[in-house]
K.L.:
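I am attaching a structure below and will ask some questions about it afterwards.
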Amino acid sequence: MNGIWGGMLLAGIVYGVLTGEVEAVSDAFFSSAKEAIALCVTMFGVMAFWSGLREIAKDAGLIEAIVRRLRPVMRFLFPNIPEENPALAHITTNCVANVLGLGSAATVYGLKAMEALEELEEERRASIHLPGAGTELNMQPRNMTRRKRRARGAAPRSVPRGTASNEMCNFLILNISSLQLIPVSVIAWRGQYGSVNPTAIVGPGIAATAVSTGVAVVFCRQMNRKETIKSDNCSGHPAHPGSDA
């Protein structure tokens, strides 16, 4: 990314020199720097306000209550993550922050979620090398559905180091396409650049992100299903068509 932005700046400077617009390039540099500082100050105030509300909600137990209520949804979206794993709580908090439009707060929990998911993958890799590991889990009756196998502890396949797991990919897709009820950042930008009605974006934003989130959920569920079938086939027990949904 640094290379891309650096190349764009360099191309602009070279173009200005070749066309004799060096003064215009210099003016653009200074005006852009001033505009960037003003935007940062505006965004800092907005983010500070919403982050303060988030901390109040956290201390009041509201965030924890929301996380508990959304746990069944997270179990539906991430069936292969153990219920006691901290990744589920981090993912849920990230989703809540995204829904409220708190992108900066969501980033923190997103990084924590990725770290927890990587630790989960390390545990899966380690279990493969344990003596007799996987034998009991994989020796399941052929007529057992995938849901029952997961209930008995049949773990999904691990991925090589440096490769994103299925849960990581699903979380990233949901994070990018997240539903937003209050697009704080966009409202702040519109206000900074003189919009007559900065909050007019709320309605279209909800509609657009609702559609993107719905598509993401359907896609992730299909990929989860394919991954489960692949894991069953690798364990020597191919799944029967229609055995589980």
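Numbers here are sequence positions counted from 1.
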K.L.:
Among all residues two or more places apart in sequence or in another chain, which pass the side-chain contact (heavy atoms from CB on, under 4.5 Å) test with Asn2?
P.N.:
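Counting only residues at least two positions away or on another chain, Asn2 forms no side-chain contact (heavy atoms from CB on, under 4.5 Å).
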K.L.:
Can you list everything that forms a salt bridge (charged side-chain N to carboxylate O under 4.0 Å, His left out) with Glu122? Sequence neighbours excluded, please.
P.N.:
Arg125, Arg161
K.L.:
Measure the shortest side-chain to side-chain distance between Thr92 and Tyr109 over non-hydrogen atoms and say whether it is less than 4.5 angstrom.
P.N.:
no
K.L.:
Applying side-chain contact (heavy atoms from CB on, under 4.5 Å), can you list everything that pairs with Leu9, at least two apart in sequence or on another chain?
P.N.:
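With sequence neighbours excluded, Leu9 shows a side-chain contact (heavy atoms from CB on, under 4.5 Å) to Phe29, given in chain and number order.
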K.L.:
Residues two or more places apart in sequence or in another chain: which of them pass salt bridge (charged side-chain N to carboxylate O under 4.0 Å, His left out) with Arg71?
P.N.:
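Applying salt bridge (charged side-chain N to carboxylate O under 4.0 Å, His left out) to Arg71 gives none.
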K.L.:
Are any of the side-chain heavy atoms of Pro82 and Leu120 separated by less than 4.5 Å?
P.N.:
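Counting from C-beta outward, Pro82 and Leu120 do come under 4.5 Å.
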K.L.:
So do Val99 and Ser178 actually touch side chain to side chain, heavy atoms under 4.5 Å?
P.N.:
yes
K.L.:
Would you call Arg124 and Glu118 a salt bridge, using N to O less than 4.0 angstrom?
P.N.:
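Salt bridge: no.
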K.L.:
Taking the side chain as every heavy atom from C-beta outward, state whether Glu121 and Glu167 have any pair of such atoms under 4.5 Å apart.
P.N.:
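Result yes, sub-4.5 Å side-chain heavy-atom pair found.
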K.L.:
Test of understanding: with side-chain hydrogen bond (donor to acceptor under 3.5 Å, both in side chains), list the residues that count as partners of Ser195, not counting sequence neighbours.
P.N.:
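Expected list: Arg190.
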K.L.:
Side chains of Lys112 and Val108, heavy atoms from C-beta outward: is any pair under 4.5 Å?
P.N.:
yes
K.L.:
Give me the one residue out of Val96, Asn98, Ile91 that meets side-chain contact (heavy atoms from CB on, under 4.5 Å) with Asn94.
P.N.:
Asn98
K.L.:
Of all residues at least two apart in sequence or in a different chain, which pass the side-chain contact (heavy atoms from CB on, under 4.5 Å) check with Ile176?
P.N.:
Leu172
